[in-house]
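As C-alpha cells, the structure follows; a few thoughts come after it.
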Amino acid sequence: MESPNGLKAEPSMGEGRCSVSWHADSSLEHFSTIAVYHTLSKQGDTNNQWSVGLRVAHNSEGPEASRRGCDISVVEETPTIAVSLPSSSSYYLLDDFNHHHQHAVIAQGEEPGRRFSSTHRLLRESHNVSDILARCKTVCSNFHKKGPKVWRSEQLLLTEMESEWLRQFYIQGSSHFNLLWNTWKDDMVALLKYWSRLEERTKQIVSMLQLGAEGQCGLHESSSSQKVKPQTKTERKLRDRRRKARDSIKELLARAESNKKDSIDALYEAMATLLEERGKMRELWLQRETDLVFQELSQEERPLPIPLEFSHHGHSKGVEDRGISPMPGLPVELNDIASSLRKCGAAFISGEKLDLPLRVLPSSVFKDDDSHKKLSAWPGWKMHTFGLEMQDPWAGHLLTGEKSIETRAYNLPTALIGKRIEILQSKQGQDGVSTIKDTFHFGDGNVKPVGWCSFQGIVEYRDKSSFVADEQKHMVSSCSGYGWKVGATRVLYGWIVGDYGSYDCEDHPKYFKATRRMRSLFQLDLDENRESKTSKLEDVSRKKKRRRF
C-alpha cells in the first residue's frame, strides 16, 4: 500500500515522485522471476499516473554482485524509461533482468490515487522462517557471552524478528490469520518465545549497565565518617549486584584495545542507539497500522493487534499465544531508557553520583493515599477503574469514530494501554482547563459517563508539521487552544483510539465517586462497592456488639 502524499521527487528523469526508490531486489535465487501486481483505489483518470521506471545498472544483483565493490554503476548512455501501470496490471522481471537493471515506482500528477501492490519473489534457501529460527536458537544459546558485538547481534535480530516477521503477519488481518494460522502456528509460537527471551535479555543488559554505573559511582559504599544503619537484606543484595555489574563492565573494558571513553561508548552509546532504533521502528509501524486507508477495507482485512505484552513482571511460562516482555514498549519509553544509559556512561567515566540519572524513586511515591498526583509507575493503574474527562463536544467525536486520536500534553500510563477507560463528559469550557474538582461525586449533572474506549498505542508529535498532518485524526486545528504552540510546545502525545462504545441514556455503570489521579484521568468507585463496604461494616459492628454482650 502506497500513498502519494509526502513522496520525494524522482532525480534522474526530472519528473514524477518516487514511491519506491531505485533498487534491484536482493536475497533472491539467481535468475528467478519477479512478478508484481498492482491496483489503484481510484479509477478513470488515475490509470496512467503510476509507472515503473527502469534503468541499466550491471551486476546490481546476481552471481557477480559480490565482486562489484561498493559502488553500482548506472549506465548513463542508456536512457531511463518509465512504463505506465494501469490499475489491475502486472509486470514481470525475467531471468537476469534484475541482475543488470534497477527499477522504481513513480507517481505522476497531484492526485494519482492510492496504490496497492503485491510482489512475488523466490527467496534464497537461507532467507526463510527456518533460517531466522535457527539464528534465534544460536543467539539464545550464547547468552552466557557478553560484549558490545554480542549485544548488537542480539538487538538487531530482535528488531528484525519483530518488524519483518511478527508485525508483518498480524497486520494482514483476521482473514489472513484464519486461513494460514494452522500452517504457521508452530513457527509463530516459536518466534514469540524467542522474542520474549530476547526482550528479557535486553532487560538484563540494561540493568547491568545501569547497576554497573551506580557501582562505579560508589552508591553501594558509605562514608566512613557517617553513621549508617545496618543494611537490610534487600540493600545488601542490591549492593552486591552493583559490585558484580561494575566488575563485569571493567572486565569488558580491559579486553578492549581502544581508550576508556571509546570503550564505554561502545557499551552505553551503542546500546542506547539500538533501543532508539527499535523505538523508531515501532513508531513507524504504529503509524502504518493506524492509517485511515484501512477504514476503506473490510473488517477482516484490517490489522490485528500484535500479541506482545510489555512491562510484564509475572511468570510467562506456559504462555504460547503471545510475547511477554519486562521492558516497556512505547517509543518514548525506549528513548527515555536510551537517555538514561547515556547518562550512566558519562557517570561511569566521571565516577560522580551527580552524573547518574534519577532511576530509583522513593517508595513513598507509590503510597496509595488520597493524593491526586500519581506517576506513570503507580501500581494502582493496574488495579482500579479509570475515567478520562473530555469536554463537550470532544467526547462525542471520539465515541462516534470521528476522532481516532486523543491528543494530550502528557503520556498515557503504560498500564492503561489496551485497558477499558470510561469517557467522562464535562461541560464545554476553556481549552485545556479542567472545570471539575480533584474529588467529586456523581449526580450533580456537571460530569457524566457517556461511553468508554481503549487506547491501543501512543504516537509522539515532536514538531508542528507532524501534528498538523494528523489533523483529520485528532480534529485539533492550528488555532485551537489544544493545538501546537510555536516556541512553547516541545512534544504532544496522541493516544490512538482502539475499541469504543456509547451508553444509552442512563445505561451506564453507577459510579459514585471520582478521584483525580493524573491530569484528566480519574479513579472511579462504584455505588455497589460503597454499599458492599457499608454492609460489611454494619455486619462487623453487629458482631462486635454481640461479642460485647
Side-chain angles (χ1 to χ4, degrees), residues 364-400 403 405-455 474-476 480-482 492-493 495 497-538:
S364 60
V365 170
F366 306 113
K367 185 178 179 182
D368 193 1
D369 54 21
D370 292 333
S371 169
H372 62 268
K373 295 180 180 179
K374 295 297 180 184
L375 299 180
S376 295
W378 178 48
W381 295 120
K382 296 182 179 180
M383 297 184 289
H384 303 293
T385 300
F386 294 92
L388 175 66
E389 179 207 353
M390 297 182 70
Q391 291 185 0
D392 185 30
W394 302 107
H397 292 327
L398 187 149
L399 296 175
T400 57
K403 184 177 176 67
I405 292 179
E406 169 64 7
T407 59
R408 297 279 162 167
Y410 54 98
N411 207 349
L412 181 70
T414 305
L416 295 187
I417 293 179
K419 184 175 180 176
R420 176 168 170 152
I421 297 175
E422 299 295 313
I423 301 300
L424 309 178
Q425 181 173 276
S426 59
K427 295 180 179 179
Q428 189 172 10
Q430 183 179 349
D431 290 351
V433 178
S434 177
T435 59
I436 57 180
K437 298 179 180 179
D438 294 334
T439 300
F440 66 89
H441 293 80
F442 289 92
D444 60 5
N446 290 327
V447 183
K448 60 180 180 179
V450 293
W452 60 271
C453 78
S454 63
F455 295 104
H474 53 63
M475 302 181 68
V476 180
S480 168
Y482 297 107
L492 289 174
Y493 298 94
W495 303 0
V497 180
D499 297 329
Y500 58 87
S502 300
Y503 295 131
D504 294 329
C505 299
E506 296 301 316
D507 184 23
H508 59 76
K510 306 304 180 187
Y511 297 109
F512 122 83
K513 179 184 177 182
T515 304
R516 193 188 302 272
R517 291 306 188 191
M518 177 190 283
R519 309 290 283 272
S520 296
L521 289 167
F522 287 80
Q523 178 182 325
L524 306 179
D525 293 320
L526 287 166
D527 274 343
E528 60 186 12
N529 290 344
R530 179 179 63 167
E531 292 169 0
S532 175
K533 290 178 182 178
T534 303
S535 177
K536 288 179 180 179
L537 287 173
E538 290 174 351

Could you go through the side-chain contact (heavy atoms from CB on, under 4.5 Å) check for Y482 and H474 one step at a time? CA-CA 10 Å; Y482 297 107; H474 53 63; over 6 Å; no
Answer whether the closest heavy-atom distance between the side chains of [X] and [Y] falls below 4.5 Å.
| X | Y | result |
| --- | --- | --- |
| D525 | T385 | no |
| E422 | L524 | yes |
| K448 | Y503 | no |
| K419 | F386 | yes |
| K403 | V497 | no |

Tell me, please, which residues at least two apart from T400 pass side-chain hydrogen bond (donor to acceptor under 3.5 Å, both in side chains).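 Only E402 meet the side-chain hydrogen bond (donor to acceptor under 3.5 Å, both in side chains) criterion with T400.
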Can you sort out the partners of S426 under side-chain hydrogen bond (donor to acceptor under 3.5 Å, both in side chains), two or more places apart, ordered by chain and number?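 With neighbours one apart ignored, the set is E389.
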Show, in sequence, the C-alpha distance, side-chain angles and deciding distance for C453 and I423, and conclude whether the side-chain contact (heavy atoms from CB on, under 4.5 Å) test is met. CA-CA 7 Å; C453 78; I423 301 300; 3.8 Å; yes
NZ (K427) with more than 12 external heavy atoms under 6.0 Å: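 No, the 6.0 Å shell around NZ holds no more than 12 heavy atoms from other groups.
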Got a donor-acceptor contact below 3.5 angstrom from the R516 side chain to the I436 backbone?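 Indeed, once roles are kept as given, a pair shorter than 3.5 Å links the two residues.
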Y493: partners by ring-ring contact (aromatic ring centres under 6.0 Å, His included), with sequence neighbours left out: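 By the ring-ring contact (aromatic ring centres under 6.0 Å, His included) rule, Y493 matches no residue at all.
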Results of ring-ring contact (aromatic ring centres under 6.0 Å, His included) for F455 - residues two or more places apart only: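 Counting only residues at least two positions away or on another chain, F455 forms a ring-ring contact (aromatic ring centres under 6.0 Å, His included) with W495.
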Parallel under 30°, tilted from 30 to 60°, perpendicular over 60°: which one fits the rings of F522 and F440?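 Rings of F522 and F440: perpendicular, as their planes differ by over 60°.
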Specify whether Y511 and F442 have parallel, tilted or perpendicular ring planes, treating 30° as the upper limit for parallel and 60° as the lower limit for perpendicular.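 Tilted.
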List the atom pairs, with distances to 0.1 Å, where a side-chain N or O of residues 410-417 and a protein N or O form a donor-acceptor pair under 3.5 Å, not counting sequence neighbours.
from: Y410; atom 1: OH; to: S520; atom 2: N; distance (Å): 3.2
from: T414; atom 1: OG1; to: E333; atom 2: OE2; distance (Å): 2.2

Straight-line distance of [X] [atom1] to [Y] [atom2], nearest 0.5 Å:
| X | Y | atom1 | atom2 | result |
| --- | --- | --- | --- | --- |
| L521 | L424 | CG | CG | 9.5 Å |
| Q428 | Q391 | CD | CD | 7.0 Å |
| K437 | T515 | NZ | OG1 | 13.0 Å |

Identify the two heavy atoms, one from S502 and one from L399, that lie closest to each other, and give their separation to 0.1 Å.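 So the minimum-distance heavy-atom pair works out to OG-CB, 3.5 Å.
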Indicate the atoms forming the closest heavy-atom contact of Q425 with G396, along with that distance.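 Q425 and G396 have their closest heavy atoms at OE1-N, 4.1 Å.
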In chain order, what residues pass the side chain to side chain contact (heavy atoms under 4.5 Å, CB included) check against D499, with sequence neighbours excluded?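 D499: side chain to side chain contact (heavy atoms under 4.5 Å, CB included) contacts with W452, S454.
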Check against side-chain contact (heavy atoms from CB on, under 4.5 Å), L388 and R408: CA-CA 11 Å; L388 175 66; R408 297 279 162 167; 3.8 Å; yes
